[in-house]
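Nothing here was measured: the structure is a model prediction, and the numbers come from that model.
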Amino acid sequence: TMLKKVLLGSLGAALVLTAGILLGHFGIQRGSTHLSHDRSLVPMCLSRELTKVPHMATSPGDEQTVQYMLKRWQDPDTGLDQAWREEYKVYLSFPDPNTPNKVTVGESWEKAYSSDQEDPEVVQPYAAYAPAGHPKGRLVYANQGKPSDYFLLNQTLNLTGTVAITRYGGEGRAGKAINAAPYGVIGVLVYTDPWDINDGKMSDNNETYPYSWYMPPSGVERGSFNTHYGDMLTPYLAAKDDTYRIPEKNITGIPPIPTQPIGFEDAYALICDVKLDIYNREELKNSANVMGVIRGSVEPDRYVIYGNHRDSWVHGAIDPSSGTSVMLEVTRVLGRMVKQGKWRPRRSIIFGSWGAEEFGLIGSTEYTEEYYSKLSERSVAYINVDIACLIAFLQVKTPGSDSSSVYDNWIRYFNRTSPAYGVIPNVGFLTGAGSDYAAFIHFLGITSMDISYTYDRTKTRARIYPAYHTAYDTFDYASKFIDPGFTSHQTVARTAGNVLMRLADSLLLPFNCSDYAETLEGYLSKAMELYTDGLAAHMISIEPLQTAVRNFRSAAARLDQLIRDSDLANETPLKVRRINDQLMLLDRAFLDPVAFPDRYGYRHVIWASSKAGQATFPGLADAYTRAASTGLDNDWKEAHRQLSILIQAIQGAAHTLGDTI
């Protein structure tokens, strides 16, 4: 995904997009849009309101937030054209409030440093979807719980009947337990290592919260321990009251053995035998999305979608309330312009406040499943703003403190070299399912982006802000250590608003197919470097892939030339509509419903996640890595199949860029 010019920037990688058809030439100067004249006090007040009480999915606090969102979006002066709630009945997992989960050292409660942690609605730390049970066994350290970690341990230890303690990172939450079970491990503990999250800081006397942004010793990262996204009982179906549900015993991708997250304080104290008492239970609960819309004036049947989840594990000042406050600020400003008759977008804008994201992106996934046909045919792009601000205090300058554009700031601190454009801002890829963009890009093939203001990762080892998913992610924490003055929130609001308005208002969609071609060429170069000889040894040629990428580049260049040669503002509206449809539907051309049959919701052959750890085509990378490891004929056949799927997808995408049969 190559940007010629991009909107959002900071000292870190602030914007992530999936598609190579990208927003171009948007170096936004401070003060250049309607959103730039509003006070940073607004997101501060919104954040304070949104984080008053814990609002885990389906809790009373969550319902309060639903009502607050509806009130804002139905406001007669600053609201949207229409706002409503949509209910789904979803499968969730909770700890027993009357019988807390325990480990040998005691209950996994987090120390209270303020009244926020003493709120009775604070959910105790637990691993959502881990089964109940009471395993007791010898404790073994299993590093990050990767398959290779357990394999290595098993060379010298008999793991049968043991309890593994693992640290976050390197493997998904559920994977740490799924990988352990085949070796006879009966329970898993997961802790956040202070080296990984705190730069080694461990003392709450002067080093960690409440004195800094670092996680205190008792802090525990909660999370959903599942590998699939969406409601687990209704795969590929919207979870309505009367929807067919698979038997619970048929659910896959969740821990098969009791699992519990703990703080590094408890991890340090654990020795020898350990016992887990896990009392988790599963329930069907009603969870709501809050939806709103601004109708388009010219193309109301073309949608730009902007979303953020609403639920949190506890107070969630950063995750997700920083994103929610940004979305509310954007809707306030745009809604006011619409109500005053000063502006209406060319295309419709749909806003989604998703429910139950923390349990596996449930609200957004159920929405894409329910409205699959309409969204597939009509959606231009999806913008996700979840964790709007990860940290600001490590910046050289506070956002908004000078006249430099966001683009200039980004290209200064986080850049790369493009063959076509020279030095440009670096942009990551949405290859996993870390937030609500997943169903839009991986399942529906809708061009997507995820925006956040992040930190300079050369100055800390923290993989994310240290209070992530703990009881310390509060307004106090955010206002002291993440974004004092909430100026970064305002910068993200202005930037996201600019992206949104241009996607919704531009006559020609601001996408660039040649940038997509550059991404494919980069992937091809890496694939040729890594796989050419190995494939050739099994009579598999990579040359057809080279041909497919060349054809895509040629088709993209022809479409670019057509656009340059056209005077679209003065030509027939059907011509611009046709070109826009080609741009809008390009990502759909890379969908293959059978490419990854064992991976729920992953159909995009360019942006699917990969365990191979290489910047190249994911299906080919994983299949080749497995075949090279096992040497099995069937695995080499799968590598050939993945190569063929890829070639066909790229050739097919190239064909969609032409204007004739």
Side-chain angles (χ1 to χ4, degrees), residues 7 17-26 73 80-84 86 289 291-308 327 330-331 334-335 337-338 343-352 364 367-385 436-437 439-441 443-449 451 496-513 515-516 559 562-563 566 568-591 604 653 656-657 659:
L7 278 168
L17 297 104
T18 71
I21 46 175
L22 298 177
L23 303 153
H25 307 285
F26 295 158
W73 286 357
L80 308 176
D81 288 333
Q82 187 180 1
W84 65 98
E86 292 198 358
N289 292 337
M291 307 301 300
V293 66
I294 297 176
R295 288 186 297 275
S297 59
V298 180
E299 298 181 86
D301 63 333
R302 290 294 180 262
Y303 312 144
V304 180
I305 308 171
Y306 183 120
N308 163 243
M327 181 165 65
V330 169
T331 57
L334 298 185
M337 291 194 293
V338 168
W343 173 80
R344 183 169 287 278
R346 178 184 181 89
R347 303 175 186 91
S348 295
I349 303 174
I350 298 174
F351 294 95
S364 58
Y367 175 76
T368 61
E369 290 171 343
E370 181 171 12
Y371 298 103
Y372 174 88
S373 298
K374 183 165 68 172
L375 295 175
S376 295
E377 294 294 327
R378 301 180 180 181
S379 298
V380 169
Y382 175 71
I383 302 169
N384 194 67
V385 183
D436 288 299
Y437 53 76
F440 290 94
I441 182 59
F443 181 51
L444 293 182
I446 295 170
T447 303
S448 300
M449 57 165 40
I451 303 176
N498 272 286
V499 174
L500 178 62
M501 293 175 74
R502 296 185 183 220
L503 285 167
D505 257 351
S506 298
L507 176 65
L508 181 72
L509 290 176
F511 293 160
N512 189 323
C513 295
D515 290 349
Y516 215 137
L559 182 59
L562 174 64
I563 292 170
S566 301
L568 294 176
N570 296 309
E571 297 187 47
T572 170
L574 290 178
K575 183 175 182 179
V576 71
R577 175 81 166 198
R578 187 192 79 219
I579 294 173
N580 278 340
D581 281 354
Q582 288 175 292
L583 296 170
M584 178 184 79
L585 296 174
L586 178 57
D587 259 310
R588 275 40 142 223
F590 290 103
L591 297 181
H604 201 299
T656 70
L657 299 181
D659 58 358

Can you give me the closest heavy-atom contact between [X] and [Y], atom names plus distance?
X	Y	result
Glu369	Phe443	CG-CE2, 4.1 Å
Leu375	Ser379	O-OG, 2.9 Å
Pro345	Ala504	CB-CB, 3.9 Å
Gly292	Trp73	N-CZ3, 3.8 Å
Ser297	Arg344	OG-O, 3.9 Å
Val499	Ile383	CG1-CD1, 3.8 Å

May I ask you to test the [X]-[Y] pair for a side-chain heavy-atom distance under 4.5 Å?
X	Y	result
Leu583	Leu559	yes
Ile563	Leu508	yes
Arg378	Tyr371	no
Leu503	Pro510	yes
Phe511	Asn580	no
Ile294	Met337	no
Leu444	Tyr382	no
Leu334	Met501	yes

Item to check | Whether over 12 other heavy atoms sit under 6.0 Å from Gln82 CD | outcome: yes

Next on the checklist: For Asp659 and Arg578: C-alpha separation, side-chain torsions, deciding distance, then whether side chain to side chain contact (heavy atoms under 4.5 Å, CB included) applies.
Outcome noted: CA-CA 9 Å; Asp659 58 358; Arg578 187 192 79 219; 4.0 Å; yes

Next on the checklist: If the condition is side chain to side chain contact (heavy atoms under 4.5 Å, CB included), which residues does Ser566 pass it with, not counting sequence neighbours?
Outcome noted: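 If we apply the side chain to side chain contact (heavy atoms under 4.5 Å, CB included) test to Ser566, skipping adjacent residues, the hits are Leu562, Leu568, Glu571, Lys575.
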
Next on the checklist: Let's go through Ile349 and Tyr303 carefully: what are the C-alpha distance in whole Å and the side-chain angles of both, what is the deciding distance for side chain to side chain contact (heavy atoms under 4.5 Å, CB included) to 0.1 Å, and is it a yes or a no?
Outcome noted: CA-CA 6 Å; Ile349 303 174; Tyr303 312 144; over 6 Å; no

I need the [X] [atom1] to [Y] [atom2] distance, nearest 0.5 Å.
X	Y	atom1	atom2	answer
Leu586	Leu509	CG	CG	12.0 Å
Asp436	Ile305	CG	CD1	12.0 Å
Thr447	Ile441	OG1	CD1	6.0 Å
Tyr437	Ile446	OH	CD1	15.0 Å
Leu585	Leu657	CG	CG	10.5 Å
Cys513	Ile579	SG	CD1	10.5 Å

Checklist entry - Is Arg588 reaching over with its side chain to a backbone N or O of Ser376, donor-acceptor style, under 3.5 angstrom? => result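 Flag set: sc Arg588 to bb Ser376 pair under 3.5 Å.
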
Item to check | Ring geometry between Phe440 and Tyr367 (parallel below 30°, tilted from 30 to 60°, perpendicular above 60°) | outcome: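 Correct class here is tilted.
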
Item to check | ring pair (Phe, Tyr, Trp, His ring centres under 6.0 Å) against Phe590, all qualifying residues, sequence neighbours excluded | outcome: Tyr516, His604

Residues which pass salt bridge (Lys or Arg N to Asp or Glu O under 4.0 Å) with [X], listed by chain and number, not counting sequence neighbours:
X	value
Arg302	Asp581
Arg346	Glu299
Arg295	none
Lys374	none

